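Comments concern the structure below.
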Protein chains: 2
Amino acid sequence: MNQPSSIHSPTFSPLYRQIRELITRSLETGEWKPGDAIPSESELAVRFGVSQGTVRKAIDEMASENLLIRRQGKGTFVATHDDPRSFFRFLRLASDDSDLQTLKSIPLECWRAKAGTDVARTLALETGAPIIIVRRLLQCAERPAVFDEIYLPGELFSDLTLDILKSSEMSLYHLFESRYAVRMIRADERLRAVSADRVSAELLQVAEGSPLLLVERVTFTYDSKPVEWRRGYYSTQNFHYFNELG
Amino acid sequence: MNQPSSIHSPTFSPLYRQIRELITRSLETGEWKPGDAIPSESELAVRFGVSQGTVRKAIDEMASENLLIRRQGKGTFVATHDDPRSFFRFLRLASDDSDLQTLKSIPLECWRAKAGTDVARTLALETGAPIIIVRRLLQCAERPAVFDEIYLPGELFSDLTLDILKSSEMSLYHLFESRYAVRMIRADERLRAVSADRVSAELLQVAEGSPLLLVERVTFTYDSKPVEWRRGYYSTQNFHYFNELG
DNA sequence: CAGTGGTCTAGACCACCTC
DNA sequence: AGGTGGTCTAGACCACTGA
């Protein structure tokens with residue numbers, strides 16, 4: 001553990017990155033689950049045979065990527081989607097006037113299908129592999145805000161049904177991580193303006209053909225493995241998509 | 001410099017943050033300009049009377065916020081908008097097919113006005129204060145992509161004219177930082193889908209009433225001072241707005 | 001009070017760049 | 001060779017939390 005793999009090798013990585021990989025493995029395998037405290041820095045230093053400072057640097061990196069949460073005096077915790085801060089990292093929706101405290105998810109449909117070419121390519125599946133399609137509506141203060149169509153690999157969410165979605169009080173990603181051990185880490189979004197088709201218009205209570213914000217998202221778990229494809233139609237009459245550039 | 005302002009004071013900040021503030025001041029005052037190398041970590045440590053590790057932590061933070069750029073073996077440099085990496089941090093435009101190498105900015109208009117209520121509020125000016133309004137078109141491979149309407153505080157960009165914009169080969173923000181010493185650090189964007197009005201439709205070569213992506217941006221310099229308000233109409237027939245959620 | 005993360009220091013050595 | 005940033009260590013002390 002004290003030597004880089006090879007001084008001039010292309011796979012060289014500093015000690016703290018190797019430690020980071022080891023910690024990531026323990027997250028993947030579920031040794032520490034979302035919400036859990038991981039061992040203290042000094043414990044990990046002993047376990048990995050490095051100094052506390054090196055463990056610290058590994059954890060620093062992971063904390064800056066929202067994989068771990070540090071809490072002074074308490075410990076370091078595995079990040080969880082059961083947390084408003086984490087929640088709005090993946091929902092860049094804001095209200096033009098009030099805030100979004102009253103946000104409510106309404107599952108509409110959930111069915112099985114076989115992956116077409118597009119879905120298969122996006123989710124890195126074989127064409128024809130089992131997938132699950134979910135439709136749901138997001139409401140804020142009784143006003144419809146977003147209509148989502150969500151594609152999931154069938155293998156990972158084997159027993160998912162509309163009833164489970166309906167009876168779940170938590171956010172989708174919190175359900176996914178707690179019930180299916182699939183943790184959403186990172187996502188790429190592509191945004192376009194489109195005209196509302198009949199279905200979207202009706203659900204979002206806008207005129208057919210009126211402009212909607214289309215948000216296409218591919219979501220990844222550890223190792224950049226794609227595990228969700230999503231198309232969201234945002235009504236931007238009373239809401240907007242918020243983004244911070246830094 | 002060795003003591004926090006007061007152990008239990010609300011203004012308490014660790015040493016490395018105080019160092020960070022001092023470095024930031026030197027950036028604001030122009031002691032080190034965009035593209036310049038700043039003094040080495042050990043020099044700064046001596047100058048500020050702290051250890052190199054403390055300077056290092058201050059610089060680490062600033063580098064992670066893209067204020068400084070570290071280059072191993074060469075030194076630490078003040079970030080500049082004359083840099084493709086920095087450029088696409090503030091232009092989340094992507095082409096559906098090809099890449100955006102051929103991007104071209106076409107200034108259309110530039111005139112003086114007095115700030116109305118909205119502009120004044122957004123830019124933290126008095127109502128009636130002098131402002132500059134710029135209109136320009138972004139093209140990619142001869143196809144129009146974005147129509148921007150840009151509001152600037154008149155005081156900061158005193159001699160800006162359409163001719164200067166037209167004859168400038170660099171990006172807007174590079175021009176701003178090199179000619180007016182106004183460095184854009186951070187921006188907030190609000191996105192909506194709207195219908196193209198006659199002017200936008202004509203410039204972007206789409207049908208009047210077709211959906212456009214409206215991107216409203218407020219850009220800040222040091223100390224979160226707003227220095228630009230911008231409304232961009234994005235044609236999303238051949239392009240999209242790209243965003244990474246992490 | 002003990003245990004956690006947070007800060008600060010000092011020193012050694014490595015990797016990279018330039019001359 | 002000499003300078004820069006990058007890594008790693010060891011140890012001291014501070015700030016916060018909860019029993």
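Every value quoted in this text rests on a predicted model; they were computed, and no experiment measured them. So you know, we letter chains A, B, ... as the sequences are listed, proteins then strands, and number each from 1. These values consider heavy atoms only, across backbone and side chains, with no hydrogens, waters or symmetry-generated copies.
Closest approach to the A/Q72 side chain among D/dG6, C/dG5, D/dT7 is made by C/dG5 (side chain taken as heavy atoms from C-beta onward). Looking at the side chain of B/E43, the nearest of the listed nucleotides C/dT7, D/dT4, D/dG6 is D/dT4. The side chain of B/R56 sits closest to D/dG5 out of D/dG5, D/dT9, D/dG18.
Within the 4.0 Å cut-off from OP1 or OP2 of D/dC8, not a single side-chain nitrogen or oxygen of A/T54 is found. A/T76 has a side-chain polar atom (N or O) that falls below the 4.0 Å cut-off from OP1 or OP2 of C/dG5. Taking side-chain N and O atoms only, B/S40 has a distance below 4.0 Å to OP1 or OP2 of D/dT4. Within the structure, every side-chain polar atom (N or O) of A/K57 is placed at least 4.0 Å from both OP1 and OP2 of D/dC8. OP1 and OP2 of C/dG3 both lie 4.0 Å or more from every side-chain N or O belonging to A/K74.
With a 4.5 Å cut-off on side-chain heavy atoms, A/V182 and A/F157 count as touching. Residues A/E43 and A/V55 are not in side-chain contact: their nearest non-hydrogen atoms beyond the backbone lie 4.5 Å or more apart.
Nearest-nucleotide positions on DNA chain D for A/G73 and B/S42 put B/S42 closer to the 5' end.
Ionic pairing of A/E31 and A/R47 is present here: one or more N-O contacts between side-chain nitrogen and carboxylate oxygen are shorter than 4.0 angstrom.
A/L15 has its CG atom 12 Å from the P atom of C/dA15, to the nearest Å. For the pair A/D60 CG and C/dG5 P, the computed distance is 11 Å after rounding to whole Å. Atom CD1 in B/I19 sits about 9 Å away from atom P in C/dC8, given to the nearest Å. Rounded to an integer number of Å, the gap from B/R71 CZ to D/dG6 P is 12 Å. As rounded to whole Å, 12 Å separates atom C1' of D/dT7 from atom CD of A/Q18.
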Test side chain to side chain contact (heavy atoms under 4.5 Å, CB included) on B/L191 and A/H240 and set out the steps.
CA-CA 6 Å; B/L191 283 70; A/H240 58 269; over 6 Å; no
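Using bins of under 30°, 30° to 60° and over 60° for the plane-to-plane angle, the ring pair B/Y173/B/F176 lands in the tilted bin.
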